[in-house]
Peer 1: 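The following block contains the structure, expressed as structure tokens.
Values below: every heavy atom of this structure, side chains too, minus hydrogens, waters and symmetry copies.
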Amino acid sequence: MTAELTRLGASALAEAIASGQSSAEEVTRAHLDRIEAVDEAVHAFLHVSTESALDQARAVDRARALGDAPVSRLAGVPLALKDIVVQAGVPATAGSKILEGWIPPYDATVTRRLVEAGVVILGKTNLDEFAMGSSTENSAYGPTRNPWDLSRIPGGSGGGSAAALAAFEAPLAIGTDTGGSIRQPAAVTGTVGTKPTYGGVSRYGVIALASSLDQVGPCARTVLDTALLHEVIAGHDPLDSTSIPQPVPLVVDAVRRGQADGVAGMRIGVVSQLRGKGYQAGVLESFDAAVATLAAAGADIVEVDCPHFEYALAAYYLILPSECSSNLARFDAMRYGLRVGDDGTASAEEVMSRTRGAGFGAEVKRRIILGTYALSAGYYDAYYGSAQKVRTLIKQDFEKAFTAADVLVSPASPVTAFAIGEKVNDPLAMYLNDLATIPGSLAGIPAMSVPSGIASDTGLPVGLQIMGPALGEERIYRVAAAFESAYVAAHHRSVPDAAPELEVGVR
Ligand code: GLN
């Protein structure tokens, strides 16, 4: 029975808890047992909060027994939290040695909203150091493994959250997406993940990477579960100055609409620049089949041209290092975590330099140096300034595209999960994994990845990216739900077929 509970999605678990068929404690224990059984192999978690998770679950059960009004639609459902979002009293590392031992004294707004909704936080998930990477190999605590094939990467930077979903260790997860860190891991693990419109979810209490790009978002195994989580975490927050003063998008209704009415009459744009060079054959084959599925479901397929996307990666890898070089200056050996070489004679500057030398990994150092250089006097206009101009051109490409189409689609990742070790020493090869996700990040628009089947050349999951105009969350969820329903109907199976290796091996 308990093993079966971990196979259920968030909405089914919430129903089982609400009807009294299962208790929140039982559901939480089942997931903690599953973590115990498989996480040594998967390494999705950096920290498991066994006691506080069980306490939270019991509180939900008590409230239900007392007949208190149901806290929320997800009360009692467990969740995996990316270890870049802080939770009071629980260690936060952001995947870095420099934060080792730091225990945040406060909750991020997202954490607070989850707790208030009765969502049970199982623990903190692994990520590339400070969310820089596309494979989770840049974590200072060792890589996470893809449950579909343990010799492969689960994507990044939020590989821990995505792997936890695919390995049935949690039915819900939180990610952050600056250049694709929710969507690309979702794609390569056969799960669902959404990057909301910039400012749609509070960044308060989220360790900053690049503040003009960072977005928190919901992850799950189905579109409906993702939508339910989206509504819990979204909404205006006065503690985040870039938070949008808008009501929470009604994405759950949009999902129901997509399931009932499909996409008939909607214009779906295929971005020519996001389906050519650099994309694996099996990914393109799956993508074309997905477009055919949407056409068969009644959508009008149009081809759209976004000529400046070609420069997106270059612009992003100037803007992101610039912003992160400034954000990461706060890790100065005085305020948080690690302190190296404080022998009583060393100056503050020496301690800072030793701590940063020992505490940051190679990719983080690379980006701090690049960013500091790009922002330095005399170079600002040539690098950061030009990159910002490219960013505007990309936004304009999107604006034009959204006059011809209601949503845009592309593969979410140009390739399926690659082998651990394959690209880790080649930063450029690693950056190319973000080819499809970065334009949407630069424009601040909402975008999600939904499973679109298995690539015939590698036998691994492929994700379909669906992008909408700013605040167009309801549209992308509608299309995602319609696609998911059509996909399930065509394949007579649930999405995703997760983790074959774990079925026979660890499970
Ligand atoms: N892979 C991208 C990078 O390394 C995206 C990171 C992210 O979205 N956090 O910057």
Side-chain angles (χ1 to χ4, degrees), residues 180 183-184 186-188 192-195 223 258 262-313 393-416 432-443 445-457 461-470 472-487 490:
R183 292 163 283 162
Q184 182 259 5
V188 301
V192 182
T194 304
K195 180 198 94 70
V223 175
V263 285
M266 285 186 83
R267 299 168 306 161
I268 296 183
V270 173
V271 186
S272 339
Q273 281 76 6
L274 298 181
R275 68 163 315 288
K277 216 173 97 224
Y279 289 78
Q280 183 185 318
V283 166
L284 289 179
E285 196 185 318
S286 162
F287 173 68
D288 291 342
V291 173
T293 300
L294 289 166
D300 265 341
I301 308 296
V302 295
E303 187 86 20
V304 301
D305 207 34
C306 295
H308 299 97
F309 282 18
E310 194 186 327
Y311 310 108
L313 203 71
L393 293 170
I394 287 165
K395 264 190 203 145
Q396 289 168 349
D397 277 358
F398 271 118
E399 277 158 21
K400 191 158 160 256
F402 285 122
T403 61
D406 301 310
V407 301
L408 303 175
V409 290
S410 77
S413 166
V415 293
T416 54
L432 286 169
N433 289 298
D434 311 327
L435 219 48
T437 46
I438 278 176
S441 298
L442 289 170
I445 59 170
M448 62 195 293
S449 179
V450 286
S452 69
I454 302 300
S456 65
D457 50 1
V462 179
L464 170 71
Q465 177 173 233
I466 305 168
M467 299 172 274
E473 268 82 352
E474 290 164 21
R475 262 189 227 180
I476 62 172
Y477 272 97
R478 176 177 167 188
V479 174
F483 176 73
E484 185 186 54
S485 307
Y487 177 82

Peer 1: What's the separation between atom CG in L435 and atom NZ in K277, rounded to the nearest 0.5 Å?
Peer 2: 9.0 Å
Peer 1: Check whether any side-chain heavy atom of V407 lies under 4.5 Å from a side-chain heavy atom of R478, and answer yes or no.
Peer 2: no
Peer 1: Can you find a pair of side-chain heavy atoms, one from I394 and one from C306, that are under 4.5 Å apart?
Peer 2: no
Peer 1: Testing the basics here: between G276 and L284, what is the closest heavy-atom pair and its distance to 0.1 Å?
Peer 2: O-CD1, 4.2 Å
Peer 1: Got a second to check how far Q396's CD is from H308's NE2, nearest 0.5 Å?
Peer 2: 8.0 Å
Peer 1: Do you know the tightest heavy-atom contact between G440 and K195?
Peer 2: O-CE, 4.0 Å
Peer 1: Can you measure from OH (Y311) to CG (L442) and round to the nearest 0.5 angstrom?
Peer 2: 14.5 Å
Peer 1: Quick one: closest heavy-atom pair of A436 and Q465, and the distance?
Peer 2: O-NE2, 2.9 Å
Peer 1: Mind running side-chain contact (heavy atoms from CB on, under 4.5 Å) on V223 and F483 for me, showing each step along the way?
Peer 2: CA-CA 10 Å; V223 175; F483 176 73; over 6 Å; no
Peer 1: Applying side-chain contact (heavy atoms from CB on, under 4.5 Å) to M467 and L274, what does each step give before you reach the verdict?
Peer 2: CA-CA 12 Å; M467 299 172 274; L274 298 181; 4.0 Å; yes
Peer 1: Just how far is it from atom OG1 of T437 to atom CZ of R183, taken to the nearest 0.5 Å?
Peer 2: 5.0 Å
Peer 1: Is there a side-chain contact between F309 and D397, using heavy atoms and a 4.5 Å cut-off?
Peer 2: yes
Peer 1: Grab the two heavy atoms, one from V192 and one from P451, that are nearest each other, plus how far apart they are.
Peer 2: CG2-CD, 3.7 Å
Peer 1: Would you sort out whether V462 and Q280 count as a side-chain contact (heavy atoms from CB on, under 4.5 Å), showing the intermediate values?
Peer 2: CA-CA 10 Å; V462 179; Q280 183 185 318; over 6 Å; no
Peer 1: So for atom OH, which belongs to Y279, do other residues, nucleotides or ligands contribute more than 12 heavy atoms lying within a distance under 6.0 Å?
Peer 2: yes
Peer 1: Given the rule in the side-chain hydrogen bond (donor to acceptor under 3.5 Å, both in side chains) test, do Q184 and S413 qualify, once you have shown the distances and angles that lead to the verdict?
Peer 2: CA-CA 5 Å; Q184 182 259 5; S413 166; 4.7 Å; no
Peer 1: Using only atom types and a distance under 3.5 Å, with no angle test, would you say the side chain of D434 pairs donor to acceptor with the backbone of G180?
Peer 2: no
Peer 1: I need the I268 CD1 to E303 CD distance, nearest 0.5 Å.
Peer 2: 13.5 Å
Peer 1: Check whether T293 reaches the backbone of A289 with its side chain - one donor and one acceptor, N or O, closer than 3.5 Å.
Peer 2: yes
Peer 1: May I ask you to decide whether R267 forms a salt bridge with D406, counting only side-chain N to carboxylate O separations under 4.0 Å?
Peer 2: yes
Peer 1: Looking only at heavy atoms, which two atoms of E285 and S456 are closest? And how far apart?
Peer 2: OE1-OG, 3.0 Å
Peer 1: To the nearest 0.5 Å, how far apart are OG in S410 and CZ in F287?
Peer 2: 6.0 Å
Peer 1: Of the non-hydrogen atoms in A401 and L408, which two are nearest, and what is the gap between them?
Peer 2: CB-CD1, 3.9 Å
Peer 1: Test side-chain contact (heavy atoms from CB on, under 4.5 Å) on F402 and V304 and set out the steps.
Peer 2: CA-CA 9 Å; F402 285 122; V304 301; over 6 Å; no
